[in-house]
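Hydrogens, waters and symmetry mates are skipped; everything else that's a heavy atom, side chains included, is used. Proteins come first, then strands; the chains are lettered A, B, ... in the order of their sequence lines, and each starts at number 1.
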There are 2 protein chains.
Amino acid sequence: MSETSVSCLITKLSHYLTLTDDSREKLAILEEEEISFSRGSEIYTIDDANEHLYVVKSGWLYTYLDLPDGRRQIVKIHHPGDIIGFADIAFRQATTNLAAAEDVVLCPFPKRGLRMIFGEAPQITALMFSIAVRDQVVLLDTLRALGRMSSRERLVYFLLDLVSRLRITNRSMTDTFRLPLTQTEIGDTIGLTNVYVSRAFTALEKDGLIARTAKGVRIVSEAELKAMVDFADRYEQMDTTWFPE
Amino acid sequence: MSETSVSCLITKLSHYLTLTDDSREKLAILEEEEISFSRGSEIYTIDDANEHLYVVKSGWLYTYLDLPDGRRQIVKIHHPGDIIGFADIAFRQATTNLAAAEDVVLCPFPKRGLRMIFGEAPQITALMFSIAVRDQVVLLDTLRALGRMSSRERLVYFLLDLVSRLRITNRSMTDTFRLPLTQTEIGDTIGLTNVYVSRAFTALEKDGLIARTAKGVRIVSEAELKAMVDFADRYEQMDTTWFPE
DNA sequence: GCGGCGCATTAAGGCCGATTAACGAGACGC
DNA sequence: GCGTCTCGTTAATCGGCCTTAATGCGCCGC
């Protein structure tokens, strides 16, 4: 446990409003415990009893669904500061699978930790509710991408969505970011094969819209990319005017 | 206003728990006002100030997103008893468009009606929160369908999802249901063209998996269809054990 | 330094769904 | 009863993405 490091959960939530000391203390409780998983680990799978939620301390993970014949769809990528497991609150058993895209550190906390938040921290409750709703809108955007976009457009949408999210926790980040996912994983996210992810990447690079570094990507012409897929940033702003306190 | 007719909102919510008289009174307030729209009407569009939510009294509607060149993705179909607009709570302006698939009657109520519910009716609050979360899981299933399924599988998933939802408000419904959507609209929902929706329909009918009536569909071999897409019913059961009261 | 492995790239061939178009059936207005 | 419009069907052609497979690069263990 690193006392000195700033909590990325608090960083993420602070983007939207100034947290009270009381709120900060309540959030700290959610990050007391730590577990590490190595790349490729399955943290939980469908039908597991889901008694815990997780705060991501470091590393990327993803939630996915399978088809019986082996096809796979990644439905959500998780970054440091994210809370994993909200979607399963309404069910006794997990409805999805969770895997580590690289070595990760998670902070598990029992569902009743959430009840404590709900009962005693109205400010965080409202924010978490808003984030859950916001994520739903993002899913609608993703649906639009998978249902109606070409391979190149899908990749563009995928990259723009990533940048927008990463900027919330890392304000200094401009246009270059690390991308610790294989092209097969990216394909499973946007409904393509690894082959076509590769082709789309090189095509975008050739057109000078993006550039690729060792393990990352640089967005070269963000405006052009945004116009290409009619991109709307759902992360930057949220309506917090109706919040309590 | 028909005093005699049972509210479909109350019917829908009653599927999951027994509502107290107090809860029923609070819900009735949400259905006081009524507006009618005829088939094809646009009730609201992106960037409209979204000050209202709507309870569907009768008729089907759908929420959709556009691409600049005219491609369209329907992201959610609404039935009687549904509450429309949850997803936009976190935003000042609408992030989606809403259109009437047939003649409909809606009950609009201001956002602050929801605040009244949140503050004074913990039972309904918990239920609405659960439904919002449940809908999120359904969206993940849909993502899997659009990302990884063939045209026939997508149509099967679409039909099974519809039946499961309709059974919540209409317990007597067995396997035949009305389908007031054009094949173009169905295609916009599952990411296909009207042509391929037609082909998928006739293929399923030829295989004896479904049958088509005048304006509806009959599920002939539900077990077989479910196996085909590894279908999980997210509507029948929800975990309400943690609810207050 | 060597072999093995995972991953990205590239090419060839095939299939599925898009596109376009023509036709028919039904609903509706007049 | 006629014309018009929408919607579903069917066919022909086209193109994008998949499948499969071969190649090469970088990383790691030994």
Side-chain angles (χ1 to χ4, degrees), chain A residues 38-41 60 62 67 69-74 99-103 145-159 178-206 210-217, chain B residues 38-41 60 62 67 69-74 99-103 145-159 178-206 210-217:
Chain A
S38 61
R39 194 197 122 114
S41 304
W60 290 26
Y62 51 82
L67 279 165
D69 65 356
R71 285 173 285 181
R72 181 175 72 157
Q73 178 66 43
I74 293 177
E102 54 181 339
D103 293 351
L146 294 205
R148 289 305 186 197
M149 286 187 192
S150 70
S151 61
R152 284 183 53 170
E153 290 166 335
R154 290 185 204 196
L155 182 58
V156 169
Y157 172 76
F158 171 79
L159 294 174
R178 198 174 63 93
L179 184 50
L181 297 172
T182 69
Q183 293 190 351
T184 300
E185 286 164 341
I186 296 173
D188 285 341
T189 308
I190 56 181
L192 297 172
T193 56
N194 58 343
V195 176
Y196 251 69
V197 172
S198 174
R199 291 172 72 114
F201 257 123
T202 54
L204 290 177
E205 197 171 26
K206 204 160 290 173
I210 64 167
R212 281 185 286 179
T213 62
K215 291 265 174 204
V217 172
Chain B
S38 61
R39 195 199 119 116
S41 304
W60 289 26
Y62 51 82
L67 279 164
D69 65 357
R71 283 173 286 180
R72 182 174 72 156
Q73 178 67 42
I74 293 177
E102 54 181 339
D103 292 352
L146 294 205
R148 289 304 185 197
M149 286 187 194
S150 71
S151 62
R152 284 182 54 169
E153 291 167 335
R154 289 185 204 194
L155 182 58
V156 168
Y157 172 75
F158 170 79
L159 293 174
R178 199 174 63 93
L179 184 50
L181 297 172
T182 69
Q183 293 189 348
T184 300
E185 287 163 341
I186 296 173
D188 284 342
T189 308
I190 56 181
L192 297 172
T193 57
N194 59 344
V195 177
Y196 251 69
V197 172
S198 175
R199 290 170 72 114
F201 258 123
T202 54
L204 291 177
E205 196 172 25
K206 204 160 287 171
I210 65 167
R212 281 185 286 178
T213 62
K215 291 264 173 203
V217 172

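Distance Asn194(A) CG to dT20(D) C1': 11 Å, rounded to the nearest Å. Phe201(B) places its CZ atom 14 Å from the P atom of dT10(D), with the value rounded to the nearest Å. In this structure, CG of Leu181(B) is placed 18 Å from P of dT6(D), rounded to the nearest angstrom.
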Would you be so kind as to tabulate the donor-acceptor pairs closer than 3.5 Å made by side chains of residues 192-203 of chain A, with sequence neighbours excluded?
from, atom 1, to, atom 2, distance (Å)
Thr202(A), OG1, Ser198(A), O, 3.3
Thr202(A), OG1, Arg199(A), O, 2.9

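In terms of heavy-atom proximity, Thr189(A) sits nearest to Glu185(A) at OG1-O, 2.8 Å. Across every non-hydrogen atom of Leu146(B) and Gln73(B), the tightest pair is CD1-NE2, 3.7 Å. Across all their heavy atoms, Gly191(B) and Arg148(A) have their closest contact at C-NH1, 3.7 Å. For the residue pair Asp103(B) and Ser38(B), the shortest heavy atom distance occurs at OD1-CA, 3.2 Å.
Nucleic acid contact for Arg39(A): sugar-phosphate only, since backbone atoms but no base atoms lie under 4.0 Å from a heavy atom of the residue.
Summarising the geometry, atom OG1 belonging to Thr184(B) is positioned 9.5 Å from atom CD1 belonging to Ile74(B); distances are rounded to the nearest 0.5 Å. Put simply, CG on Leu179(A) and NZ on Lys215(A) are 10.0 Å apart, with the number rounded to the nearest 0.5 Å.
Salt bridge present: Glu153(B) and Arg71(A) bring a charged side-chain N and a carboxylate O closer than 4.0 Å.
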Between protein and nucleic acid, restricted to nucleotides 12-17 of chain D and to nitrogen or oxygen atoms under 3.5 Å apart, what atom pairs and distances do you find?
from, atom 1, to, atom 2, distance (Å)
dC17(D), OP1, Ser151(A), N, 2.8
dC17(D), OP2, Ser151(A), OG, 3.1

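For DNA chain C, the span of nucleotides reached by chain A at under 4.0 Å from its heavy atoms goes, 5' to 3', from dC7(C) to dA11(C).
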